[in-house]
Structures are given as C-alpha cells and as structure tokens.
2 protein chains.
Amino acid sequence: MSEPSSEIADAPAASTTTKTRQPSSRRNGGTRRVSMREVAQQASVSVATVSMVLNDNPRISKATQIKVRRIIEKLGYRPNRLAQSLSSQYTRVLAVLLPPLRHAFSDPYFGELLSGICDRADRLGHKVMLESAKPDFLRERKHMELFERRFVDGMFCLGVNDRHPFVKDFAAAGFPMVCVNNYFPDLNLDYVVADYRSGAEQVMNVLLQLGHKKVALIAGASEAQTVRDIMGVYFARMHDAGFDADESWTADGRFTEEGGAAATDEVLKRHPDTTAIFACNDKMALGAMHRLMDMGKRVPQDVSVVGFDDIQQMAFVNPSLTTVHLPLYEVGTRACEMLVQRVRGKTQKIAERMPAHLVLRDSTSIVSDRG
Amino acid sequence: MSEPSSEIADAPAASTTTKTRQPSSRRNGGTRRVSMREVAQQASVSVATVSMVLNDNPRISKATQIKVRRIIEKLGYRPNRLAQSLSSQYTRVLAVLLPPLRHAFSDPYFGELLSGICDRADRLGHKVMLESAKPDFLRERKHMELFERRFVDGMFCLGVNDRHPFVKDFAAAGFPMVCVNNYFPDLNLDYVVADYRSGAEQVMNVLLQLGHKKVALIAGASEAQTVRDIMGVYFARMHDAGFDADESWTADGRFTEEGGAAATDEVLKRHPDTTAIFACNDKMALGAMHRLMDMGKRVPQDVSVVGFDDIQQMAFVNPSLTTVHLPLYEVGTRACEMLVQRVRGKTQKIAERMPAHLVLRDSTSIVSDRG
DNA sequence: GTTAACTGCTTAAACAGTTTACCAGATCAT
DNA sequence: ATGATCTGGTAAACTGTTTAAGCAGTTAAC
C-alpha cells in the first residue's frame, strides 16, 4: 500500500482472486450487449452451466435448465457466434464459389443451384457466403484463405472445369469441398451432378426417332466433363444410327445466347442441310433459335432445336423449347447435405448423379427434309 | 516435487510466470494451424508486436517489420478472423436480405443488384452473406439475430415494400441497413434507388410523342414506393395530355411474366382499344408481349409495349423491348459503399437516386389506330 | 530545468464463449 | 462403517486476436 500508482498496479492481481470482472457496458448499435457472464451472475450459476444449458447438455438438471432459460429470456441474451466459433472450431458458414462471369448471379442456371444450396443450408443451420472466382482471387490464394482464416467450414464449387486446377487445392489441404453439377473423373473430388449422359441419350433417342440424321451439336466449354459426356453420347448414337458425325458437326457456343447464335452460323455454313440442333444448354439453344429465324428458317418445321437445363424462362419462349430437365435445385440441396456431412467428419468419397429427363415441347418435330 | 498429480496441477501456475503456453498442435483439415503466438515466439517478439506488424502500425520499426514478416511467411501464418472479429467488434461481413421468391436468385433484377453489391464489397474487404426473408425467418426475428449474434456488420434489404414492416427494426435498434432500389418516404431509412420518376417521365414522353393516348399501365405490387412513383407520373402525364386515365387502365402483374400476361388480358378486356402498354418491369412486359401475340395483335404495329429495368435478356427477345435502363449494378455498388460508410460510423442519412434512361428499341412505334 | 511528446516495444486485460478436470454430496454395494 | 459410483455443478484453461497502459531513453518546447 505504498503510493497510488502501485494501487492501480495491484488492482489486476486483486481481481484474479475476487473474480469480479465487470461486464462491459460498451454499446454496439445502440443496444447494450449482454454476455453469458451476466446471465450466469443473474442466475447464480457459472458460465459453464449457462453454456451447457444452451447446448442441452444432459448433465444439467431440469430445474437449473428452467432457471437459466428464464434469465436468458429476461435479459434477451443472444450467444455471440464469433466466440462460439472461435472456441468450437466451427463457423457454420459455407462458401459458394461462382465463376467470375459478369452475369453469373442473374443466370438462372446458377440461380437454381444457389436456391437449392441456400434453402438446405438454412435448414441445416448454416449460413452461405458468396465468392466470385476472379483471376486475382485465385492468384492470391484467397480460396484457401477462406478456410485458413476460418471464414468457412466448407465450399461449393460451381461452374468449374478442367481449366480450373485450383479445385484440387482443397482436397490436397483436406478442406471440405464439393463440385456442384460438374466432376473430374481422375481427381477424386467430391461431387453431385445431374445425369448428363442419360439426358443426352434421351435427346438423341427422340431426335433419331423423329427421323433426324443431320444433327449438329452446340457444345459449351469442352473443358467441362459434363459437356464431354454429352458429346460422347452424341457421337456414339450418331454412329449407331449409321451417320458418323465428325468435328465439323459441332461448334462451341460458350454457354451464352450470343455464342449459340454464332455457333449456329458456323455449323449451318458447313452443313446447310442440318435438320436438328442439339445445344448443351438452354441459353445457347435460344441463341440458335433466334439465329435460325433470322436466317428465315422455321423452328421446328425446318430445323428442330433441343436445349439442356430446362431453365424457367424456356417454357415461355416461342416456340417453347424441348429440353432436358436437370434437377438443379435438387442438385443444390443434395450437394449441401453432402458438404455438411463432410464438414461433420464423414470420410467416404461423395459422388452422386441425379436423374434428368427430357421435356418434349414445341421446338422439335419430325424431320421434313429427308436429306 | 511431491507426487506426479500435484506436478500436473502446478504446471499452470508455473506457466503464468514462465509464460510458455505451448501452441496447440491440433490439426484442422489436415493442416497444422499456426497462431500468432508461434510467430511471436519464433521472431522473439510479443504477440502485440506481431499484431501491430499485421496492422501496419507505424510504431513498429522497419527492421522488426521485416523480421516478423519473414517468420509469418516462413510459417505460412494466417490470422484467424474469428479472433480478430471477436476482439475488434467488426465482422466485415454484410448480409443481403432477399425476398423469399422461389426464383429470386435466378432473377436478373436481383442478380444485377447482387453483382454490384458483391463486387464492391470484395473491393472494400467485406464478405457477403445471403439470407432469404422467409416468413418464419422474420417471425423468429432472425434478421435481428444476424446483428445481435455478430454474424454481420450491416444489411442490404432487396425487394422490400410497405408490407414488410420489419425493415424499421434495424433503424430502431441502430443497426446499419440500406434499402436497395426501394425506399420509404416516411420511415427515415437509408436507401439507394434508381430514379423511377425520371424513367417514367421519359416513357410517358415518348409514348405521348408517338401519339399514344390509350396507354395502360401494368403495375407490380403497388405496395412498393417505386411503383407508386411510376403510377404517379403515369396519371399526371395522362392528365396533362388531356386523357384522364382511371384505375381501370391499370392492373397488377406481380412482377412476373405470368402476371404480366394476365394483367394484359384484364386491361384489354376492359379497353380493347389500348394502343400501348407500359409495364413496371421487363418480365411483365415480356408476358404482355407474348399474350398480345397470342391474341393475334402485333407488337408494335397494333400495340406498343414498354418495360422497365432493362435486364440483359430483353435485347434478345423479338421484337426487342423498349425499356428504361436502370443502373442496377451501380445501384448495388453505391449501396455497398454507403453501407460500409454507415458501418464505419457515418451518421448522416443516406439517400441517393441514380439516373435512369430510356432505351428505345423495336417494341414501340407511332400509333396506327388513332382512336 | 522541467515538462511533454516521441520512440519501439511489452504486458496484460479485454473480447465471449466451450470444454475438461475436478469436487462435494448422495446413493449403493460390501 | 467403508469404499465405489453417480449427479450436478464449478473453476480454470483454452480458442486467437486487439488495444490500452506502461517503460525507459531521447528530444523539443517553454
């Protein structure tokens, strides 16, 4: 007890015995924040007890449960999830990595996947964070930082393909990740996809049955395995039908309307007698239809058009588009269930295909010109 | 040195003096997590110094900076943001609250806003979290929990209107929130909107100049102030033009294609001599165009159609749609800048209108039938 | 010649939870 | 009566940061 200065210096030492750390009266957003400590004080129990009450730990008696919960209610206490996560090592946040397309967010294809993911994540008590895989995002390894800095527990990769080697970083580091509606046969990564092969089979069946032989294929990026699956089926079925299509019957439409239109130009220049166009997604099919009409060709009388995905708008175009319905929403929900399982420690590989089916509408008809 | 058990018990007491708390060797996702403490040890400085190095505190000497950074590099240290946020009271996460529409995520309108928000948030060092304002989400006050439990620093509200009284909760609690492309004149909430009035003026000008008098208006939800703004302009300009339109000239299209089609039916039943349809968004305009064509009316020869929003796809339909271009992407980026300012403590009210302009395309023409 | 403001760094107290080891009292078997 | 087990709870260590306060020496201002 010498001088005032030492008194202050002694204070912390004293407090370690009396343990009366006053609750912070700091205000945030105008509301006084109430912490677990205050609940504990008011309920005359320890913070450990409060924690156990919140986590429904069976070691807490019914009486204490009720007592503590009443105080929680009274004080309007809400556990701080930063502290929870820091301590428990779980963030309960999942990231969705989207391709850096200008309109990725307004693309119904991604939208459906995202809807499925978000809905299921919510049900499973997880939050969803959005990330765009811009070049410098990847260069700076931000996709890894998301895990390393404990932003998220898991990650969905949408719209990735062989040109995106970063996907294997996650597996290498042991971070939970699932490829949504895409896969890498030789990379041993988790994935959930629609059954593109079966969808393509159904398309080729109906086109061949309608008498089409001169079928052109508008592919998207051929770096995607799903697109290669479609191409594989296309070439095989054309061969079976006695018509060996070569590369000249295909063109890349980059998954966009504009690309689909350009690809249509390209293919029809090479093969003016084309009677059907099979596009690997609906947007390209739409571009193809418009271009065909611009050329003065009628759909489906002169040329049949088939799409892939069955995005909402396509029932509304004229003529309505025959396409393969992909259960994108369900792929999203399933992917989410899978990722959450993986986050919780499940170790077997995740790989699932979901059924796709043809939706016959007005953009296809029996072949008129038997060339 | 009595017995082994007391030796263990003594350990913590000893550590308070020697301060040798061993770094956790816990593994997460297969990678050993390295904490600031380890960096400090290796660099022979205190954790505070490491923290200051990371935060570019000018009080740290160049030499120490370099020394510490080298160790950080060597160890591959990444600061744990949960701990950072817990300590600093900033999460650097913003939430986007979307209306619980089945296809909200694939709606280009929301997509554009979202793109703008996400891009700017990224540049400003913030993460974006997605939330859907489902009825029970609001009932359980989860929108408040997002703040109370320190999930986020701020919130964007998209697609809200007068039927969503929850928006004022944020202001009441003092939580940073900005209404995106919507506003509440009497609620004193922050907002960033496109200039719907000016857009509507431009539409009415061009329609009147083209000779149209029998102009029908397809509104969305009239609970939205922006829609009321358009209606106000519509009625005023119709009046100025000597044609007092009443309620029978308007119909609600609920912002959807289907609704737009139905509204078109409704209005044309009442007024078969309608020469122009002004829809409050592009989707309804598209629905209107399709329905008109189904009825055997030509667009624009028989009926002109004007939309609002200028979503990407609309340049691609046939005929291409005359519409008001709203700078949705920019509204998103601006809203984000504003919200971040608010999070950082800015106190003046945020209220901004961004210019909109008419895009004249092929769905409008001079009136043919001067009724 | 004192006071004040740097300087570059350290110490320790926050931040707000979870979890483990331990402990006192009650119950039960021997 | 005695030791073992069960019950319901507590204290303290732990998660990994930020930051206010302090320290001892130098320098500029009054």
Side-chain angles (χ1 to χ4, degrees), chain A residues 5-6 8-17 19 21-26 28 33-40 43-65 67-68 77-91 148-150, chain B residues 5-6 8-9 11-17 19 21-26 28 33-40 43-55 57-65 67-68 77-91 148-150:
Chain A
S5 66
S6 72
I8 294 165
D10 285 346
S15 77
T16 57
T17 57
K19 195 109 298 175
R21 181 156 60 147
Q22 272 314 301
S24 84
S25 58
R26 182 154 23 147
N28 266 90
R33 303 226 56 77
V34 18
S35 78
M36 201 171 213
R37 184 175 301 108
E38 288 171 76
V39 174
S44 320
V45 295
S46 69
V47 290
T49 303
V50 178
S51 175
M52 291 170 130
V53 166
L54 281 167
N55 296 308
D56 288 316
N57 191 311
R59 290 184 57 182
I60 301 298
S61 72
K62 204 77 200 157
T64 312
Q65 269 273 355
K67 177 174 66 177
V68 172
Y77 167 71
R78 298 270 176 273
N80 181 322
R81 76 152 254 293
L82 292 169
Q84 289 182 315
S85 294
L86 179 61
S87 187
S88 70
Q89 307 287 342
Y90 285 103
T91 67
E148 291 164 351
R149 301 198 49 196
R150 319 245 60 137
Chain B
S5 64
S6 73
I8 295 165
S15 79
T16 56
T17 56
K19 195 107 302 172
R21 180 154 61 147
Q22 272 314 301
S24 84
S25 58
R26 182 156 20 149
N28 266 91
R33 303 227 56 76
V34 17
S35 78
M36 202 172 214
R37 185 176 301 110
E38 288 170 77
V39 174
S44 320
V45 295
S46 71
V47 292
T49 304
V50 178
S51 175
M52 290 169 129
V53 166
L54 282 167
N55 296 311
N57 190 312
R59 293 182 56 182
I60 301 298
S61 71
K62 204 76 200 157
T64 312
Q65 270 273 355
K67 177 174 66 179
V68 172
Y77 166 72
R78 298 270 175 272
N80 181 322
R81 78 150 252 295
L82 292 167
Q84 288 183 316
S85 294
L86 179 61
S87 186
S88 70
Q89 306 288 344
Y90 286 104
T91 67
E148 290 163 353
R149 302 197 49 194
R150 318 248 59 143

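- For C:dG17, the base has a donor-acceptor partner in the side chain of A:S87 [N/O atoms by modelled type, under 3.5 angstrom].
- For B:V47 and A:T49, each mapped to the nucleotide of DNA chain C holding its nearest heavy atom, the one lying further toward the 5' end belongs to B:V47.
- Contact annotation: side chain of B:R59 to base of D:dG22, donor-acceptor pair present below 3.5 Å.
- Within 4.0 Å of A:Y90, counting heavy atoms only, lies no atom of the nucleic acid at all.
- When side chains are defined from C-beta on, B:R78 does not count as touching A:R150, because their heavy atoms never get closer than 4.5 Å.
- The nucleotide whose nearest atom lies closest to any side-chain atom of A:L86 is, among D:dT15, D:dT17, C:dC9, D:dT15.
- The closest donor-acceptor contact from the side chain of A:T64 to the backbone of A:I60 lies at 3.5 Å or more, if one exists at all.
- Formation of a donor-acceptor pair under 3.5 Å by the B:R149 side chain with backbone atoms of A:P79 is found in this model.
- At the heavy-atom level, B:I60 lies under 4.0 Å from the strands shown only through sugar-phosphate atoms.
- Checking the phosphate oxygens (OP1, OP2) of C:dC9, a side-chain nitrogen or oxygen of B:S61 falls inside 4.0 Å.
- Nearer the 5' end of DNA chain D, as judged by each residue's closest nucleotide, is the contact made by A:A48, out of B:A48 and A:A48.
- When rounded to the nearest whole Å, the span between CZ of A:R150 and P of C:dG17 equals 19 Å.
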Write down the protein N/O and nucleotide N/O pairs, taken from nucleotides 24-27 of chain C, whose separation is under 3.5 Å; answer none if there are no such pairs.
none

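- Over its length, the helix from C:dG1-D:dC30 to C:dT30-D:dA1 turns its helix axis by 50°, as judged from the five terminal pairs at each end, rounded to 10°.
- Rounded to whole Å, atom P of D:dC14 lies 17 Å from atom CG of B:N80.
- One interatomic measurement links the two molecules: CD of A:Q89 to P of C:dT19, which rounds to 10 Å at whole-angstrom precision.
- Taking atom CE of A:M36 as the reference point, atom P of D:dC14 lies 19 Å away to the nearest angstrom.
- In this entry the distance linking CG of A:L54 with P of C:dA16 reads 15 Å, nearest Å.
- Residue A:Q84 contributes atom CD, which lies 10 Å from atom P of C:dT19 at whole-angstrom precision.
- For B:S85 (side chain) and B:Y90 (main-chain N/O), a donor-acceptor pair under 3.5 Å exists by modelled atom type.
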Before giving the answer on side chain to side chain contact (heavy atoms under 4.5 Å, CB included), spell out for A:D56 and A:Q65 the whole-Å C-alpha distance, their side-chain angles and the decisive distance to 0.1 Å. CA-CA 8 Å; A:D56 288 316; A:Q65 269 273 355; 3.9 Å; yes
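- Computed from coordinates, the B:M52 CE to D:dA20 P distance equals 9 Å when rounded to whole Å.
- A donor-acceptor contact shorter than 3.5 Å is absent between the side chain of A:N57 and the backbone of A:V53.
- Contact annotation: the side chain of A:M36 approaches that of A:L54 to within less than 4.5 Å [non-hydrogen atoms, C-beta and beyond].
- With hydrogens and angles disregarded, no donor-acceptor distance shorter than 3.5 Å links the side chain of B:S87 to the backbone of B:A83.
- Side-chain atoms of B:N80 come within 3.5 Å of backbone N or O of B:L82 as a donor-acceptor pair.
- In terms of the side-chain contact (heavy atoms from CB on, under 4.5 Å) criterion, residue partners of A:A48 (sequence neighbours excluded) are, by chain and number, A:S46.
- Among the heavy atoms of the strands, none lies under 4.0 Å from A:R149.
- Between the P atom of D:dG8 and the NZ atom of A:K67 lies a distance of 13 Å, rounded to the nearest Å.
- Judged by closest nucleotide on DNA chain C, B:S46 is the one of B:A83 and B:S46 placed further toward the 5' end.
- Nucleic acid contact for A:V50: none, since no nucleic acid atom lies under 4.0 Å from a heavy atom of the residue.
- The residue A:S51 sits close to a base: some heavy atom pair falls under 4.0 Å.
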